[in-house]
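Here's the structure we're looking at; comments come further down.
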Amino acid sequence: MSRFDLWFAQSARALARRTSRRSFLSRLATLILGGSALPLLPVARAAAQPRAPAPGEPDPATPAGDPESCEYWRHCAIDGFLASCCGGTHTSCPPGTEMSLVTWLGTCRNPADGKDYVISYNDCCGKDLCGRCFCQRNEGDKPVYYPSKSNDINWCMGREGVIYNSTVAIVVGVATES
Amino acid sequence: MSRFDLWFAQSARALARRTSRRSFLSRLATLILGGSALPLLPVARAAAQPRAPAPGEPDPATPAGDPESCEYWRHCAIDGFLASCCGGTHTSCPPGTEMSLVTWLGTCRNPADGKDYVISYNDCCGKDLCGRCFCQRNEGDKPVYYPSKSNDINWCMGREGVIYNSTVAIVVGVATES
Amino acid sequence: MPRATPAAGRVREAGRRAIAEGAVGMRRVLLRAAAGLGLAVAVAGADVPLETLGSTERLREPPHPHWVFVGDLLLRRSALLDLDRSTFLGMVSSGFLSQGIAVPRRRAEFYVPETYYSRGSRGERTDVVTIYDAAALEPVDEVAIPPRRAINVLPSANAALSDDDRFLAVFNMTPATSLSVVDVEARSFAGEIATPGCSLVYAGGERRFLMLCADGSLLTVTLDEAGQEAGKLRSEPFFDPNEDPVTEKAVRYGDRWLFVSFEGQVHAVDVSGDAPRVEAPWSLLDEADREDAWRIGGIQHLAVHAASGRLYSLMHRGGADTHKQSGSELWVYDLGTRERTQRIALHHPGFSFMGDTIEFGKSWPWPFNRLSDWLLDSVAPNPGLDVVAVTQDAEPLLVTGSKQSGSLAVYDARSGRFLRRISSGNFMVHAVQAPWSAP
Amino acid sequence: MPRATPAAGRVREAGRRAIAEGAVGMRRVLLRAAAGLGLAVAVAGADVPLETLGSTERLREPPHPHWVFVGDLLLRRSALLDLDRSTFLGMVSSGFLSQGIAVPRRRAEFYVPETYYSRGSRGERTDVVTIYDAAALEPVDEVAIPPRRAINVLPSANAALSDDDRFLAVFNMTPATSLSVVDVEARSFAGEIATPGCSLVYAGGERRFLMLCADGSLLTVTLDEAGQEAGKLRSEPFFDPNEDPVTEKAVRYGDRWLFVSFEGQVHAVDVSGDAPRVEAPWSLLDEADREDAWRIGGIQHLAVHAASGRLYSLMHRGGADTHKQSGSELWVYDLGTRERTQRIALHHPGFSFMGDTIEFGKSWPWPFNRLSDWLLDSVAPNPGLDVVAVTQDAEPLLVTGSKQSGSLAVYDARSGRFLRRISSGNFMVHAVQAPWSAP
């Protein structure tokens with residue numbers, strides 16, 4: 001589901017709340033803007049290639065299993081452009097960029113096995129903003145003065161080229177309550 | 001009239017041409033998009049201050065006399081952001097920019113006196129694109145290999161800072177057929 | 001490592017002399033060019049007088065309290081707008097993720113911390129503090145600082161000017177944290193102060209800065225006459241950064257800084273005494289608000305009108321971790337009584353497209369000239385507001401902006417009445433500053 | 001004056017070694033950070049295998065003919081897209097108004113003429129030709145050139161690679177005109193050649209370039225083995241630049257350049273012989289077309305599929321001086337018969353908003369999943385198309401783009417059938433290049 005799907009769905013719901021009588025125009029707007037009543041069913045994108053399921057991950061035909069989707073399970077604490085939409089994958093950076101050495105960490109639950117994983121959100125650095133698949137989810141995000149949990153920081157800071165391009169989401173461990 | 005007025009008016013006309021039966025939706029779209037039947041009357045902008053008429057120029061309450069309008073008579077050969085919307089005026093550059101020393105010339109007819117004037121379109125240089133009041137009219141515009149009549153060239157080239165910000169339209173003479 | 005470059009202002013002055021000398025010859029060149037085009041050019045007999053070339057506007061002085069800087073991270077610039085006349089006064093181009101313009105009270109200047117790369121998005125990094133002439137909107141000097149400036153998407157708190165207008169502290173993060181201190185009077189780099197574990201920077205006295213530490217405490221850094229470290233003081237933690245952290249977007253109210261937490265707790269820090277004093281927190285939300293899931297949120301979600309003691313807070317309905325979600329209402333509090341006095345339903349900021357505001361039909365006859373406003377307010381999906389600011393005068397204006405639009409909505413700050421939308425020419429609005437108080 | 005800087009590629013290689021060495025230590029740092037957050041981290045017992053850090057993609061080799069560069073003047077970049085899979089392969093960041101990427105046939109490289117200022121939009125100017133590794137999409141070297149590169153809004157013709165892939169000629173304008181010649185094999189600056197009165201640059205043979213002169217003639221510049229001027233030849237004027245100038249956006253068809261005039265006259269220049277030979281012009285328009293006010297127009301309004309001899313031309317209805325107006329139809333010509341063979345009604349390119357394509361409901365059940373397409377094609381105002389390109393293979397694709405959108409519409413170039421829209425992540429589309437032919 002794209003950012004615009006979300007935006008249109010939210011808008012339609014907001015509109016429905018705001019409109020006391022279901023006038024001609026509000027009904028039309030609801031139709032045009034997406035309609036909160038329409039099911040937001042996930043189906044494979046038209047032009048996308050079928051993807052092989054990754055070990056232990058949800059079906060890639062669902063948003064929770066699709067690395068190009070903001071709803072991908074690993075993206076729970078992200079705020080940036082998905083490297084998987086920018087010429088990279090969810091674990092490797094787009095051509096010509098370099099992965100940041102320092103980063104922030106999130107903890108995301110994998111719906112396929114119900115376990116919590118520690119996700120390292122490394123930034124891809126050295127080219128300007130990718131501009132595709134902006135995704136902001138912020139689960140567990142903390143302010144900048146708490147750097148290891150903050151996604152508002154340009155984590156390219158440690159590298160030669162610190163321009164931010166996009167972000168990967170790499171599994172670095174399983175979280176267990178301590 | 002803003003770029004969007006023009007765009008909506010054109011779109012509505014294109015839509016009217018394209019739609020064979022005046023269906024419910026096309027009528028609504030025509031309403032929303034501006035409607036080719038509605039008169040595009042020039043009236044003073046809500047927040048603008050009343051302007052004193054300039055000597056020999058059309059009434060500033062009309063687009064042909066309003067330096068912040070793309071339809072201002074001097075803008076007949078322009079392709080750029082109007083300095084008058086960017087902190088300057090139609091004859092002086094916005095604060096912190098410098099006027100280009102080289103430029104292109106157009107010939108525009110002043111509706112107030114019916115005379116053709118030679119207009120010097122000097123670029124304002126040294127800050128990034130202003131972004132307001134983009135205006136492209138191109139009367140008499142020639143390709144880049146004919147530089148004195150080409151508005152596709154960044155005329156900031158002769159100056160220390162050559163970044164293009166916006167453009168003025170200065171009367172430098174009256175044109176008489178030779 | 002930063003390289004010394006000739007101060008931009010001196011280069012510009014040379015350029016200005018050149019254009020003054022060149023302007024006379026320029027008309028000659030133009031007329032020759034016109035002749036080349038087969039145009040005979042008369043200089044007499046025209047109704048429109050011939051005009052001069054080469055002039056540049058200056059801003060009127062002193063600056064007006066209703067002038068605001070509107071920042072755009074994407075276009076790397078700030079537009080300067082006049083909210084009364086709905087005009088664009090000029091702009092300040094800046095470097096990669098430049099945040100915040102520091103405006104002194106006593107000098108007609110301002111300071112912009114900037115980062116550049118020798119090849120735009122790659123190559124050698126240079127960090128500078130650029131000194132602008134406020135009326136000319138033009139760089140007059142620059143001070144090189146270590147290339148370690150913190151780069152993040154905050155609208156503020158990455159640099160602060162001491163209350164005596166003498167020293168600018170720039171927050172560094174590599175991720176080791178420190179402050180670079182610039183003497184803006186002498187236009188020189190004073191030095192770097194290590195601040196391990198503490199981040200961001202807020203002015204807190206004549207020669208004093210506050211920083212927020214990862215454990216929820218405050219670090220106070222005091223400077224001496226030369227801008228060197230005179231003392232550092234770490235407070236007890238005053239909030240729990242794991243349970244309910246305060247946002248970075250604190251606002252100043254006289255001698256107090258108001259830090260507001262994700263859950264709406266207001267932590268006031270009084271900086272009038274020898275050491276900062278943390279007051280007992282109070283909440284923006286009552287039980288009913290919490291039940292309705294109201295929360296603070298946005299990029300720059302707080303504003304204070306100091307003279308009247310009013311606090312403005314962007315609010316939305318949402319769950320945990322929605323501290324960056326756009327606001328749908330603006331709540332107004334009396335800081336004396338700590339009571340909410342008003343809820344302002346927010347108008348659509350207006351769409352913009354490549355810097356132009358999307359509106360149409362403003363010149364059509366009534367009632368059609370209201371069509372675009374009406375469509376915006378009743379049909380178009382409101383993207384929500386991310387930024388709020390208020391001017392600091394006796395007839396204050398409120399401004400709200402969205403990261404999805406370059407347009408701003410303007411309100412009367414006392415009544416909350418919506419006045420108008422204005423175009424910033426930006427692609428997005430990331431920060432709004434109203435730096436000038438009434439004289 | 002340009003300064004020598006260490007070649008970016010060498011710096012990058014050092015960086016790559018550092019990350020390879022750093023990757024092992026990095027996991028240690030991460031796990032320590034996780035522990036600091038109160039998380040115990042297990043490395044076993046998970047269904048998802050742990051992954052490695054620090055990897056970067058490379059493009060597959062050789063490049064595919066359906067890969068296109070999509071230029072955005074505003075974002076100062078080109079996106080590389082795969083038209084078959086609708087994917088974004090990567091991007092090339094560039095400097096101020098960089099136009100056109102020169103792609104050799106014989107090396108896995110490409111060359112980007114760029115202009116930078118030491119302070120982003122002000123300061124010292126540096127012009128370079130950056131040499132990229134085509135598979136890594138990364139700068140490996142750069143050649144400094146005089147800071148006089150022509151800066152305009154053309155999509156092409158500001159630089160050209162000689163047919164033997166050896167010399168890149170970059171057009172300079174100050175406004176005096178000249179060519180800077182770069183030996184891209186030796187990666188060195190060969191020299192500058194004055195070309196008074198003549199502008200732009202088109203490859204026209206092994207070591208030969210064409211330029212257009214203000215009087216409607218051609219200048220042919222021939223280079224010697226060292227990239228120095230071996231000869232210059234000025235032709236008779238072949239069009240009248242006052243009455244009916246050709247646009248700068250000529251297209252190459254084998255040994256011919258096709259220049260098309262504002263009024264639709266096609267002037268073919270054959271560069272196969274010792275001197276360029278101008279053929280008799282023919283028209284894209286017949287009487288009926290002219291009566292209906294059809295005209296050429298757009299930013300990049302022409303494309304040729306060389307193998308099939310098809311010419312594609314963006315057309316609109318409009319008056320004089322509308323040579324930059326967007327096209328509403330794409331007309332197809334057989335270059336053998338000089339007959340129009342098809343008129344393609346152009347689909348909406350799709351709106352985009354800050355780089356994201358505005359579409360919704362693609363995942364809804366039929367027929368609702370067609371809603372956004374249907375609204376675009378039947379209700380939304382079509383902004384018109386400014387750019388057209390065609391791939392050079394046996395199953396060619398046509399691409400059209402608009403300066404008001406970052407989305408592209410893709411068609412089968414043989415049938416004209418509309419296939420799909422794809423997102424470039426751009427704010428606007430200023431140029432599309434399909435540089436790789438089938439091997």
Side-chain angles (χ1 to χ4, degrees), chain B residues 1-5 8 32 34 38-43 45-49 54-57 85-89 91-99 101-103 105 107 110 112-113 115 117-118 120 122 127-128 130-132 134 148-149 159-160 163 170-178, chain C residues 11-12 15-16 19 22 26-27 29-31 33-34 36-43 45-51 53-59 75-77 80 85-86 88-93 135-138 353-356 358-365 368 375 420 422-423 425-426:
Chain B
M1 193 154 65
S2 74
R3 182 155 66 111
F4 280 96
D5 272 348
F8 277 105
I32 291 178
L38 292 177
L40 299 171
L41 288 186
V43 300
R45 281 159 309 194
Q49 309 291 309
E57 301 212 37
C85 297
C86 298
T89 71
T91 59
S92 70
C93 282
T97 66
E98 295 176 280
M99 200 178 284
L101 289 170
V102 283
T103 185
L105 298 175
T107 306
N110 178 3
D113 63 7
K115 292 198 175 78
Y117 288 81
V118 179
S120 174
N122 295 67
K127 287 184 190 278
D128 272 307
C130 153
R132 296 184 87 225
F134 180 74
S148 58
K149 295 279 269 183
R159 304 214 49 87
E160 182 74 25
I163 295 277
I170 294 177
V171 168
V172 293
V174 181
T176 54
E177 290 300 319
S178 62
Chain C
V11 172
R12 281 294 179 83
R16 175 144 315 132
I19 202 169
M26 193 168 167
R27 180 177 304 276
V29 172
L30 282 173
L31 296 185
L37 300 176
L39 293 168
V41 178
V43 291
D47 292 351
V48 182
L50 301 196
E51 293 159 341
L53 296 154
S55 82
T56 291
E57 295 293 301
R58 280 176 68 87
L59 297 176
L75 294 184
R76 301 178 183 180
R77 75 165 196 188
L80 181 63
R85 298 188 302 143
S86 295
F88 185 99
L89 297 168
M91 57 181 266
V92 176
S93 296
L137 272 189
E138 138 177 312
F353 180 75
M354 296 202 179
D356 273 359
I358 300 183
E359 53 180 26
F360 58 89
K362 290 293 180 187
S363 60
W364 297 344
F368 301 105
L375 284 168
R420 56 188 164 268
I422 86 171
S423 160
N426 283 6

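Everything quoted here is computed from the prediction, not taken from an experiment. First the proteins, then the strands, lettered A, B, ... as listed; each starts at 1.
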Any P55(B) side-chain heavy atom under 4.5 Å of P49(C) side chain: yes

K127(B) and side-chain contact (heavy atoms from CB on, under 4.5 Å): which single residue from R77(C), M91(C), E138(C) fits? M91(C)

Taking the side chain as C-beta and beyond, is there a heavy-atom pair between K115(B) and D47(C) under 4.5 Å? yes

Under the side chain to side chain donor-acceptor pair (under 3.5 Å) rule, collect the residues that match up with T89(B), sequence neighbours excluded. T91(B), S92(B)

Heavy-atom distance under 4.5 Å between the side chains of I170(B) and E51(C), does that happen here? yes

Run the side chain to side chain contact (heavy atoms under 4.5 Å, CB included) test on V48(C) and N110(B) for me, step by step, so that the C-alpha distance in whole Å, both residues' side-chain angles and the decisive distance to 0.1 Å come before the verdict. CA-CA 9 Å; V48(C) 182; N110(B) 178 3; 3.2 Å; yes

Does E57(C) have any salt bridge (Lys or Arg N to Asp or Glu O under 4.0 Å) partners at least two apart in sequence or in another chain, and if so, which? none

Answer whether the closest heavy-atom distance between the side chains of N122(B) and L53(C) falls below 4.5 Å. yes

Per-residue tally against chain C (heavy atom, under 4.5 Å) across G88(B), P95(B), G56(B), C86(B) peaks at P95(B)

